[in-house]
**Student:** 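Structure in C-alpha cells, see below.
Here is the naming used below: chain letters follow the sequence lines, and residue numbers restart at 1 for every chain.
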Amino acid sequence: SQASREAAQIAASAELESEAEPWSLLQPLNGGNRSGLLAALFKVLYDGQGGAPRLQPDSRALGYMKRLYKAYATKEGIPKSNRGHLYNTVRLFTPCAQHKQAPGDQVAGTLPSVDLLFNLDCVTAVEHLLKSVLLYTFNNSVSFPSAVKCVCNLVIKEPESKTLPGTPYSFTFNSQFEFRKKYKWIEMDVTPLLQPLVASNKKSIHMSVNLTCGKDQLQHPSAQDSPLNTTLLLFPSLLLYLNDTSAQAYHRWHSLHYKRRPSQGPDQKRDLSACPEGEGAAEGIRSSRHRR
Amino acid sequence: SQEAVSSELKKPLVPASLNLSEYFKQFLFPQNECELHDFRLSFSQLKWDNWIVAPQRYNPRYCKGDCPRAVGHRYGSPVHTMVQNIIHEKLDSSVPRPSCVPAKYSPLSVLTIESDGSITYKEYEDMIATKCTCR
C-alpha cells in the first residue's frame, strides 16, 4: 500500500544517511564544488583536519595563475569590480599524460605534434564553460620584433566524441600571434572544441596538437637559428573560464542588479514565489496604497 | 508625609562624581554596542597555505556587542526586533534578547591548488561581513 511504500522509502533514506559521513551531509546539495574551499571548511569543522595532500603544480602554470589573481582581485582578496566578464571561476589543467607523436620540421617551422590527456575531474556540473584556451609557455621570455603567424591543428582523439552531437571532431584554426614585447606565454582560444565536451560533463579530454609557425617572419636573430620550438614548451596547459552557478559562488551580475534588502532573506523571497497569489496580493495592496 | 518628601527632595538626583552626559548615556546606548570587528587571519594558521595560494591574509570580520532596546532604523532591524525585546523584558525572559549578527557580506577571490594538481581561481559569495544588524 502507499503507506508501507512511503515507510520503506523513509527507512531506506535514513539508512543511507546513517552510512554517510556526518560532515558530508553538510555538503551543498546542488552538487556544488566538492573539492574546493567549502569542502575543506566543512572538514575542519568536523574533524579539524585541513586540506588533503596535493600534487604540486607546474611552476610556470602557478606563475600565470598568480598573475591572473593579481589582475582580478585586490591584495585583501576582494574581486575587482572593473571586470566586464561573467566568469567567477578559472581552472588551469596541465596535461596528465603527454608524448610527442611525430618530429617537427624545423625548416618549415613545424613543431613536433604532441598527444595530450587532460583530467577534468574538478569541473562540477554547476560550472558552465564560457571560454577555453590552450596556454603555451616559453622556457624563457623571448621577444619577437614582428608578428608571427601560426597555424594550429587540433584533433580530439575520443572515439565516442563522434557520437556527441555537434562536436567538431577535428579543428584547424589559424591564429595570428602579435609578439611585440617580452612574452612568457601565448594563448589559443579552443572554446568551440571544448564547449560540447565540458557541457556533456566529460571528465577526460584526449587531443593531439600540431602547431606550425611562419619561420620567415621571425626577425629576431636568435629566433632564426633557434626556431620557435626550442623556446616554446611543447606541452600546453588547458585553461577553462567557467561560470559557477551554485549559491556559494559570487555572481557579479546578480549583485549589480538585485540589491538584497537586509530584512528580506532569500527564503522569504522564495516563500512569496512559492505562493504567487501572495505576491499578487502584496502587489495589489501596494498599488492600492499608492492610489490612496 | 512632609518630612519624607522633603528628605527625598534633599537627596542628590545624580551622584556628584558622575556628570550628566555619562549618566544619560547608560540609558540611551549600551556600553559595548553591536558593531563590526576585525579578525585578520592567515591561512598558514589553519595549515592551509600548502593549497590556498592567495590571498595571503583574510579578514572575515564579525559582529559583536549588545543591541539597544529601541533599535528602530538604526540597524535596519525589522519591528519584530522590538517585539522580541518586549517579550524578553515583560513576558518571558527565556525568550532571548535580539542578537548582533551580520546583515551584509562581500565576496572573496581564492586561488587554490586542487588535489589533482590543477589550479583554481574562484570567487566565493558572502565571505566577509560588511554590516551588522540586531535580530
**Student:** If you look only at pairs with a residue in residues 65-77 of chain A, which of them pass as a salt bridge (Lys or Arg N to Asp or Glu O under 4.0 Å), with sequence neighbours excluded?
**Tutor:**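 Listed once each, the pairs would be none.
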**Student:** Under a 4.5 Å cut-off applied to non-hydrogen side-chain atoms, are B:Ser106 and A:Ile78 in contact?
**Tutor:** yes
**Student:** Counting the benzene-type ring for Trp, do B:Tyr121 and A:Tyr72 have ring centres under 6.0 Å apart?
**Tutor:**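 Close enough - the centres of the two rings lie under 6.0 Å apart.
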**Student:** Applying side chain to side chain donor-acceptor pair (under 3.5 Å), can you list everything that pairs with B:Ser118, at least two apart in sequence or on another chain?
**Tutor:** B:Asp116
**Student:** Is there a side-chain contact between A:Gln248 and B:Met127 (heavy atoms, below 4.5 Å)?
**Tutor:**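 No, side chains not in contact.
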**Student:** At what distance, to the nearest 0.5 angstrom, does CD of B:Glu123 lie from CG of A:Asn243?
**Tutor:** 10.0 Å
**Student:** Within this structure, what is the OG-CD distance for the pair A:Ser246 and B:Glu125, rounded to the nearest 0.5 Å?
**Tutor:**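 Going from the OG atom of A:Ser246 to the CD atom of B:Glu125 covers 10.0 Å.
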**Student:** Show your working on side-chain contact (heavy atoms from CB on, under 4.5 Å) between A:Gln56 and B:Ile113 and close with a plain yes or no.
**Tutor:** CA-CA 8 Å; A:Gln56 279 313 304; B:Ile113 298 171; 4.2 Å; yes
**Student:** Given side chains that start at C-beta, do those of A:Tyr69 and B:Pro55 come closer than 4.5 Å, heavy atoms only?
**Tutor:** yes
**Student:** Enter the distance from B:Lys122:NZ to A:Asp244:CG here, rounded to the nearest 0.5 Å.
**Tutor:** 3.5 Å
**Student:** Heavy-atom distance under 4.5 Å to chain B: side chain of A:Leu68, backbone, both or neither?
**Tutor:** side chain
**Student:** To the closest 0.5 Å, what do you measure between CE (A:Met65) and CD1 (B:Ile119)?
**Tutor:**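 Reported to 0.5 Å precision, the distance equals 6.0 Å.
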**Student:** How about B:Glu35: does its CD atom have over 12 heavy atoms from other parts shown lying under 6.0 Å from it?
**Tutor:**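 Result for CD/B:Glu35: enclosed.
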**Student:** With a 4.5 angstrom heavy-atom cut-off, could you sort out which part of B:Val53 is near chain A: side chain, backbone, both or neither?
**Tutor:**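 Answer is side chain: those atoms of B:Val53 sit under 4.5 Å from chain A.
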